[in-house]
Protein chains: 2
Amino acid sequence: MSTDGETARRRPGPRRSLSHDQVVGVALEAIDAGGPEALSIRAVAARLGVNPNAVYTYVASRNALEREVVERVFGETDLDLLTGPPHQWRQRIIGYARSLRAAVLRHPPVATLMMTAPMDGPSAVLIGERLIAALRDGGLPLDAAARGTYALIVQVVGFVALEVAETDARPPLPSEADRVAARRAALEFLDPAQWPLSAATRDVAAAWISTDQFNWSVERLLDGMIRPGQ
Amino acid sequence: MSTDGETARRRPGPRRSLSHDQVVGVALEAIDAGGPEALSIRAVAARLGVNPNAVYTYVASRNALEREVVERVFGETDLDLLTGPPHQWRQRIIGYARSLRAAVLRHPPVATLMMTAPMDGPSAVLIGERLIAALRDGGLPLDAAARGTYALIVQVVGFVALEVAETDARPPLPSEADRVAARRAALEFLDPAQWPLSAATRDVAAAWISTDQFNWSVERLLDGMIRPGQ
DNA sequence: ACCTGAACACCGTTCAAGT
DNA sequence: ACCTGAACACCGTTCAAGT
């Protein structure tokens, strides 16, 4: 708790000390500079110019640090995109989904971290709250809106994680066109005699990680929820 | 190990030596016994009674080992569920999705591994091939079936990964009922004044990781693909 | 409250040498 | 071909001690 300093009390928002935020910020810097393995207690300590164990003053464990980094990246998304006129519920959801994907792609190693820790931070709660509202604007009953919220989160975060998994996760990522081209080349081996359908859809599979496919997946999920077959 | 010279050559299938398969098997055993951190070159070596570097005779790196473990778990799924009469395309897909989820839940740490490596193994190709076929049986054009295949994979694997992320990933996992109950308790803090929609749907959010929600998500995605709004 | 110093029990990976 | 022995450059975390 940061009741010790006065600056912390002035701000009514997050109660974290400045040094705590610095640690998280440095951790994100380390990840952006050195890739997935660069997020370590010792690397953060080195960047701060202190001994490794000094980091434990601000963070409980490596795991806790990872979760704070995730929280930080959620904070880089544009939550305002989720609010707006009810009839635009669809654009709001798609717009925010793209904003979330973009934020993670700026910090590729964070994609994995999002899949390995429960989404229980303040940002996650706020995103959930606004997603439920948007889905209700789309005509979903309350409970279905809550279910749909999670299906959307799974689709969006899962998509980005698998997208990043195709790379070495070292920022900056190659352009989407380059990544699709690399996939296309890697799929050349598909033998039409052995896997006729896969071979015939090589070009589609190469573009599985594209923005186009991302939008398509989210839209299909929305379509399936709006006129539910149950 | 037995007949490391001739048995491997007799079989025309995978060209791997018996010892290679043993290494992967031991890695999976280690994971099942010790959780996510137990999958290490040194732990596998210790289980085999050899020096750490001896493992490199059979596996190129820790990363390669992880991917082989994923391949092994894919092999535990029941691919036959994906084949069947065309009119049952829906049951085939849902049935296989459940089989895949069950296989991963038997080896929880593998869920994360599936999100951190490209799905390019032989099992992944075969699953893709049969998923495309099933979606075609559902009436989708070829390209849409290929797109839908990836959306389904993202939803299924992403769902399981986030489900496991709520636990310590140490098998055996608590029962689903227990895990839902734990989530319900953890969501007690939600303040209706601050997050009215989230607080009102606590019970739904607690069951986000349930089989019911899993089925619902997959079904909604299928609904959205079968009558596409594009 | 926050840091240093030192240590413990681990990692993945490489190299040289044996058989 | 497959292993040992030894080493390098790392990890996360804990404890005791300083200020």
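Side-chain atoms are counted along with the backbone in the values below, which use heavy atoms only and exclude waters and symmetry mates. What you are looking at is a predicted structure, and each value in this text was computed from that prediction instead of being measured. Every chain is numbered from 1, with letters handed out A, B, ... down the list of sequences.
- Side chain of B:Gln155 to backbone of B:Ser217: no donor-acceptor contact under 3.5 angstrom is found.
- One N or O on the side chain of B:Glu71 and one on the backbone of B:Ser123 form a donor-acceptor pair closer than 3.5 Å.
- Side chain of A:Ile41, nearest nucleotide from D:dC3, C:dT13, D:dT13: D:dT13.
- Distance from the side chain of B:Tyr58 is smallest for D:dC3 among the nucleotides D:dC3, C:dC2, C:dC11.
- Note: CZ (B:Arg42) to C1' (C:dT14) measures 12 Å, nearest angstrom.
- One atom, CG of A:Leu48, and another, C1' of C:dC2, lie 13 Å apart when rounded to the nearest Å.
- Side-chain N or O atoms of A:Arg47 include none that pairs as donor or acceptor with a backbone N or O of A:Ala27 at under 3.5 Å.
- A gap of 13 Å separates the C1' atoms of C:dC2 and D:dA17, to the nearest Å.
- A pairwise comparison of heavy atoms in B:Ala30 and B:Ala38 identifies O-CB, 3.2 Å as the closest pair.
- Stem list for DNA chain D (at least 3 consecutive Watson-Crick or G-U pairs, distances under 3.5 Å): C:4-8 with D:12-16, C:12-16 with D:4-8.
- Side-chain polar atoms of B:Glu176 and B:Ser210 form no donor-acceptor pair below 3.5 angstrom.
- B:Arg98 CZ: 12 or fewer foreign heavy atoms inside a 6.0 Å radius.
- One finds no side-chain N or O of B:Tyr56 lying less than 4.0 angstrom from the OP1 or OP2 phosphate oxygen of C:dT14.
- Stacking of A:Arg101 on the aromatic ring of A:Phe159 is not recorded, the 6.0 Å distance cut-off and the 45° axial limit not both being met.
- B:Val160 is not listed as a side-chain neighbour of B:Val157, based on a closest heavy-atom distance of 4.5 Å or more.
- Rounded to an integer number of Å, the gap from A:His20 NE2 to C:dA1 P is 18 Å.
- Proximity of residues 59-67 of chain A to DNA chain D (heavy atom under 4.0 angstrom from any strand atom) is restricted to A:Ser61, A:Arg62.
- Between the A:Arg179 side chain and the A:Leu173 main chain, no donor and acceptor come within less than 3.5 Å of each other.
- Straight-line distance from the CG atom of A:Asn51 to the C1' atom of D:dA16: 14 Å, rounded to whole Å.
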